[in-house]
Amino acid sequence: MKILFASSEAAPLIKTGGLADVAGSLPVALRHIGHDCRLILPGYPDVMNKADGLSTVAELKLPGEKKPAKLLQGTSGPHAVPLYVVDAPHWFDRPGNPYLSPDGDDWEDNAERFACFCRAVVAMALNQAKLDWQPEIIHANDWQTGLVAPLLQDVKQRPATLFTIHNLAYQGLFDQRTFVKLNLPSHLWSYEALEFHHQLSFIKGGIALSDRVNTVSPTYAEEVKTAEFGYGLEGLLQHRGSHFNGILNGIDYHVWDPLNDPSIAAPYCADDMSGKRQNKLALQREFGLPEAEHIQLFGYIGRLVDQKGVDLILQVLPGLMDSGVQVVMLGSGNKELEQALERINRKYHSRVGVKIGYDEGLSHRIEAGCDCFLMPSRFEPCGLNQMYSLRYGTVPVVRNTGGLADTVIDVNPTTLANGTATGFVFDIADGSSLWRALEHAIHFYLRSETDWEILARTGMQQDLSWEASAQHYLELYQMAIDDPGI
Ligand code: ADP
Ligand code: GLC
């Protein structure tokens, strides 16, 4: 099958969060089972610099665009995934990250930037670049690609479309003037297409007009059909009926492998976890904490945003300190949360280590060196860090929501007896519920080293690979091709 995977970020070229991990690994998994999946990305400086063998293959004159965009072809990453790059320097050749300027604000012209990207995806897919390759399906991801399906709506001979929601909290909402400025077909300004409460909604376009829609875990697929998680789109998601479902993400077993990870101090595996101790001591040293094998070490890695429940960690921190454990945290984002973390770092410097910033290598060392991983998210479409934690024998403490609920099995008498327990799960997003889960984790750790190791090992033995999920995506692609939903 020929699949064009459209994303606004993909590891190892450009990453702000989990979408990049998925866009970097699902195409590899699909190619591995014999399908011709190719990636298309905007030409940010990192993409232009890090992709291999880029050369210009076409010049695209796109509707609504003053200047033509170049289409480049090359490959991405160690698996040499075929890559197309939309080189439109006036939109993409900038410092900062794909969505934000260096001072942390959204780029003012994000609507124009990603409309250009969507138009280039459509032009490429309809062979306006005159290449010898045309996709049977476009797999579009998140709001930045939300205009792809709407732009194809009236095309008779078109590829099928799948739209994946990685996070419904980011929707690409703009005012009506922006809709006019983008020169989109006027009929798309309708309740059935892009108009959402008098605003332009990119994500609504993807949800309403793609042949199939999915999100990244079965539980989140149910949650977003409710008012609590749906941001007003719950009715539309319900309306898509069986054309909307949830497929759990996998993780990249080559990048996240404690037996073969160049970033960590010592290799280990489920059969021989002794190396994990060395990683713990090395991590304590790296953060300037007392090196002590038997002090329980908790870790956090992630974007510092409301979604992740970092404020709940701040609430329970004094209690954690009284319990004598250590905590290390790595993240960046919201300035107030960054400052709050720096404050607790100063206050509890002998037991808390904080690094503000983005550090790929350190994220691996935290996964390898900690005993427990904190992920008290308010909502979590899938979540990758709890899966990396399971793979690294670092027992996750998670809230019972989205992909966290689908990947972590709570420690209780039944799951301990049948050997399925993998972590500590709590229900309500408040400090006292998180604290109860943490007390449980602390007691469990202190009670028996052997039981703790069994728990960690059970996590390490879970199948978190892309194998099963890549098959589910293929089934969905085939359904979209055979039975267009629109
Ligand atoms: P989300 O996509 O909502 O941010 P995920 O758990 O799906 O959450 O994925 C986050 C990804 O980004 C993981 O690979 C995680 O390790 C990485 N990550 C997040 N923040 C940082 C950071 N400060 N430094 C290094 N990696 C980070
Ligand atoms: C989003 C979600 C996260 C998910 C990731 C990859 O950023 O917040 O839960 O794991 O996308 O699908």
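Counting starts at 1 for both ligands and their atoms, in listed order.
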Can you check which of I301, L404, L384 brings a heavy atom nearest to atom 7 (O) of ligand 1? L384

Close approach, G357 and ligand 1, non-hydrogen under 4.0 angstrom: yes

At the 4.0 Å heavy-atom cut-off, does G302 count as touching ligand 1? yes

Using side-chain heavy atoms (C-beta onward) and a distance below 4.5 Å, is N345 in contact with K355? no

Quick one: does W452's side chain have a donor or acceptor within less than 3.5 Å of a partner on A441's backbone? no

Of all protein heavy atoms, the one nearest atom 27 (C) of ligand 1 is Y358 CE1, 3.4 Å

Numbered atoms and elements of ligand 1 in range of G331, under 4.0 angstrom, heavy atoms: 23 (N)

Heteroatom proximity flag, G18 to ligand 1, N/O under 3.5 Å: yes

Hey, is K280 close enough to E291 for a salt bridge, meaning N to O under 4.0 Å? no

Would you check the N or O atoms of D21, main chain and side chain alike, for any that come under 3.5 Å of an N or O of ligand 1? yes

Checking heavy atoms under 4.0 Å, the part of L19 that sits near ligand 2 is backbone

Under a 4.0 Å N-O cut-off, is there an ion pair linking D109 with R94? yes

What atoms in ligand 2 come closer than 4.0 Å to a heavy atom of V22? 6 (C), 12 (O)

Any H166 heavy atom less than 4.0 Å to ligand 1: no

Give the contacting part of K308 toward ligand 1: side chain, backbone, both or neither, where contact means a heavy-atom distance below 4.0 Å. side chain

So, is N385 polar-close to ligand 1, with some N/O to N/O distance under 3.5 Å? yes

For ligand 2, which atoms, with element, lie under 4.0 Å from some heavy atom of G383? 3 (C), 4 (C), 9 (O), 10 (O)

Considering only protein heavy atoms, which is closest to atom 12 (O) of ligand 1, and at what distance to one decimal place? K15 CE, 3.6 Å

Do Y392 and N279 meet the criterion of a side-chain donor-acceptor pair at a distance under 3.5 Å? no

Evaluate G17 for polar contact with ligand 1, using N/O atom pairs at a separation under 3.5 Å. no

In ligand 2, the atoms that come under 4.0 Å of a heavy atom of G18 are 5 (C), 6 (C)

Nitrogen or oxygen of W256 less than 3.5 angstrom from that of ligand 1: no

Checking heavy-atom distances from atom 1 (C) of ligand 2 to each of H166, R303, E380, the winner is H166

Candidate with minimal heavy-atom separation from atom 6 (C) of ligand 2, of N249, L404, V216: N249

Could you tell me, atom by atom, which parts of ligand 1 come under 4.0 Å of a heavy atom of R303? 1 (P), 3 (O), 4 (O), 20 (N)

Given side chains that start at C-beta, do those of I207 and L168 come closer than 4.5 Å, heavy atoms only? yes

Establish, for the pair R38 and Y84, whether the NZ or CZ atom is under 6.0 angstrom from the six-membered ring centre and no further than 45 degrees off its axis. no

Tell me whether R113 is salt-bridged to D106, with the criterion being a basic N under 4.0 Å from an acidic carboxylate O. no

Would you mind checking if D427 and R399 are paired as a salt bridge, meaning a charged N to carboxylate O distance below 4.0 Å? no

Side-chain donor or acceptor of S217 paired with backbone N/O of G403 under 3.5 Å: yes

Checking contacts here: is it the side chain or the backbone of D359 that comes within 4.0 Å of ligand 1, counting heavy atoms only? Could be both or neither. backbone

With distance as the sole criterion, is a donor-acceptor pair present between the side chains of N214 and Y473 under 3.5 Å? yes

If the cut-off is 4.0 Å to any non-hydrogen atom of G383, which atoms of ligand 1 fall inside it? 6 (O), 7 (O)

So which atom in D46 and which in L13 form the shortest heavy-atom distance, rounded to 0.1 Å? CB-O, 3.5 Å

Are the ring centres of F117 and W91 closer than 6.0 Å? no

